[in-house]
Amino acid sequence: MLTRGLFALAVAGGTVASFLAPDATAFPSPELARIIFFHLPCAFIATIFLLLSGWHSVAYLVKDTDRTMRDLKAVAAQEIAMLMSLLTMATGILFSKVQWQAWWNWDPRQTSFLLVLLILAAYFALRTAIRDDQRRAVASAVYGTAGLLPIMFLIFVYPRLPNRFSLHPSNTIVSGGFDRTYWGILLYLFVLLLGLSIHLFRLRLRAGWLLYQAETNYGSNETRDGGSAPTGVVRPVRLPGEN
């Protein structure tokens, strides 16, 4: 309880600090550039968990042991990545509106990240379509492994291809559009959001493991001490109203 309270205070402090930071003069709307404080950390964390999910998907296909946990970790990482990707897209669309006067500009980074979201959505559609647990896990691992390469291409390569004009302020940020105060707040919020994401990942993993155990043990005829349930009727029982 104390940890949660301290974390809430830390988030509140970071939010207040983001509003107290000086305006970023290199942007068309300097006072609204603060959206990046939340936009960039979400994008970085989404990429981290996408890589984590891909790692566990590959491990599921390569290793013969601990496959159930590998599948659970891959799914949990994909879910956190999906959540952070949606937040990245939402804050990016808002940034586009306040800085470029349009909700959507078909900017290379906007377009590429939209494709990443579609690939992520297809992963969950695949898992929903397959009922058998083992076939679902294998198909998910294959898709998670195969989808890792195009996702990394869309995130790191496609927006940087030559002759692609982008409104995305990557160069502005790198060339000094942010001062030390901005970078400090950005790093602070990134650490907080990363800690929250790791906590959610662990909770999701625990919930998935408990569900797996419940489904595995469903219907077992065991008593609390581990012995078999008694068979037959010890003595007849008269029901009310019985003749």
Side-chain angles (χ1 to χ4, degrees), residues 7-8 11-12 14-15 18 32-57 71-100 102-129 136 140 143-159 166-170 173 185-208:
F7 181 81
V11 172
T15 304
S18 67
L32 297 176
R34 294 174 176 84
I35 301 173
I36 294 181
F37 287 142
F38 303 93
H39 175 73
L40 283 180
C42 289
F44 293 156
I45 294 171
T47 304
I48 291 173
F49 278 92
L50 282 170
L51 291 172
L52 180 63
S53 178
W55 166 260
H56 287 297
S57 296
D71 178 57
L72 291 175
K73 289 181 178 180
V75 175
Q78 284 276 7
E79 291 178 352
I80 301 299
M82 186 67 173
L83 173 62
M84 290 298 163
S85 297
L86 290 173
L87 291 174
T88 301
M89 181 62 70
T91 52
I93 291 175
L94 183 59
F95 183 89
S96 174
K97 177 61 177 176
V98 299
Q99 299 293 340
W100 308 330
W103 295 106
W104 193 264
N105 286 277
W106 293 108
D107 183 82
R109 283 194 175 274
Q110 283 184 319
T111 307
S112 62
F113 210 80
L114 176 61
L115 294 176
V116 171
L117 276 174
L118 293 177
I119 294 175
L120 282 172
Y123 175 88
F124 295 107
L126 176 66
R127 289 191 66 88
T128 305
R136 179 172 61 243
S140 300
Y143 184 90
T145 302
L148 188 61
L149 182 60
I151 285 177
M152 292 301 104
F153 173 80
L154 290 169
I155 292 177
F156 295 108
V157 180
Y158 177 77
S166 176
L167 295 171
H168 197 272
S170 300
I173 296 173
I185 297 174
L186 185 65
L187 179 60
Y188 177 76
L189 290 174
F190 169 75
V191 172
L192 288 179
L193 287 175
L194 180 60
L196 176 61
S197 299
I198 294 174
H199 179 64
L200 293 176
F201 173 78
R202 295 177 64 182
L203 288 178
R204 176 61 182 88
L205 191 61
R206 182 181 178 185

> Which donor-acceptor pairs under 3.5 Å do side chains of residues 199-207 form with protein atoms, sequence neighbours excluded?
residue	atom	partner	partner atom	Å
R204	NE	E79	OE1	2.6
R204	NE	E79	OE2	3.3
R204	NH2	E79	OE2	3.3

> Quick one: do W104 and L114 satisfy side-chain contact (heavy atoms from CB on, under 4.5 Å)? Show the steps, please.
CA-CA 11 Å; W104 193 264; L114 176 61; 4.0 Å; yes
> Might you work through the side-chain contact (heavy atoms from CB on, under 4.5 Å) test for L87 and H39, ending with a clear yes or no?
CA-CA 7 Å; L87 291 174; H39 175 73; over 6 Å; no
> With rounding to the nearest 0.5 Å, note down the distance linking OG1 in T91 to CG in L86.
10.5 Å
> Could you tell me the separation between the OG1 atom of T47 and the CD1 atom of I155, rounded to the nearest 0.5 Å?
4.0 Å
> Assess the residue pair L196 and F7 against the criterion (side-chain contact (heavy atoms from CB on, under 4.5 Å)); give the C-alpha distance rounded to whole Å, side-chain angles, the decisive distance to 0.1 Å, and a yes or no.
CA-CA 9 Å; L196 176 61; F7 181 81; 3.7 Å; yes
> Would you confirm whether Q110, through its side chain, and N105, through its main-chain N or O, come within 3.5 Å as a donor-acceptor pair?
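Yes, Q110 side chain to N105 backbone: donor-acceptor pair under 3.5 Å.
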> Evaluate the criterion side-chain contact (heavy atoms from CB on, under 4.5 Å) for residue pair V11 and L193; output intermediate values, then yes/no.
CA-CA 9 Å; V11 172; L193 287 175; over 6 Å; no
> Heavy-atom distance under 4.5 Å between the side chains of I45 and F190, does that happen here?
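Touching, per the 4.5 Å side-chain cut-off.
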> Heavy atoms only: give me the nearest P41-L186 pair and the separation to one decimal.
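Heavy-atom minimum between the residues: CD-CD1, 3.6 Å.
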> Got a second to check how far L83's CG is from F49's CZ, nearest 0.5 Å?
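L83 atom CG to F49 atom CZ measures 10.0 Å (nearest 0.5 Å).
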> Quick test of your reading: applying side chain to side chain donor-acceptor pair (under 3.5 Å), list the pairs with at least one residue in residues 115-127, sequence neighbours left out, ordered by first then second residue.
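Matches after skipping sequence neighbours: D71-R127, R127-S140.
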> Judged by atom type as modelled, is there a donor-acceptor pair below 3.5 Å linking the side chain of S96 to the main-chain atoms of A102?
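Side chain of S96 to backbone of A102: a pair is present.
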> Less than 4.5 Å apart, any side-chain heavy atom of F44 and any of L194?
no
> Should I119 and L154 count as side-chain neighbours, where that means a heavy-atom distance under 4.5 Å?
yes
> Do side-chain atoms of S112 reach the backbone of R109 as a donor and acceptor pair under 3.5 angstrom?
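Yes; at least one donor-acceptor contact below 3.5 Å.
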> What is the distance from atom CH2 of W55 to atom OG1 of T145, rounded to the nearest 0.5 Å?
11.5 Å
> Mind checking the OG-CD1 spacing from S53 to I48? Nearest 0.5 Å is all I need.
14.0 Å
> Rounded at 0.5 Å granularity, tell me how far OH in Y158 sits from CZ in F113.
15.0 Å
> Quickly, which of L51, L50, L115 forms a side-chain contact (heavy atoms from CB on, under 4.5 Å) with I151? Name it, please.
L50
> Between S197 and M84, what is the shortest heavy-atom contact and its length?
OG-CE, 3.0 Å
> Just so I know, are the side chains of S85 and L120 near enough to count as touching, which here means a heavy-atom distance under 4.5 Å?
yes
> Just jot down the ring-ring contact (aromatic ring centres under 6.0 Å, His included) partners of W103, sequence neighbours excluded, or say none.
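Expected list: none.
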> Nearest heavy-atom pair of L148 and G54: which atoms, and what distance?
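So the minimum-distance heavy-atom pair works out to CD2-CA, 4.1 Å.
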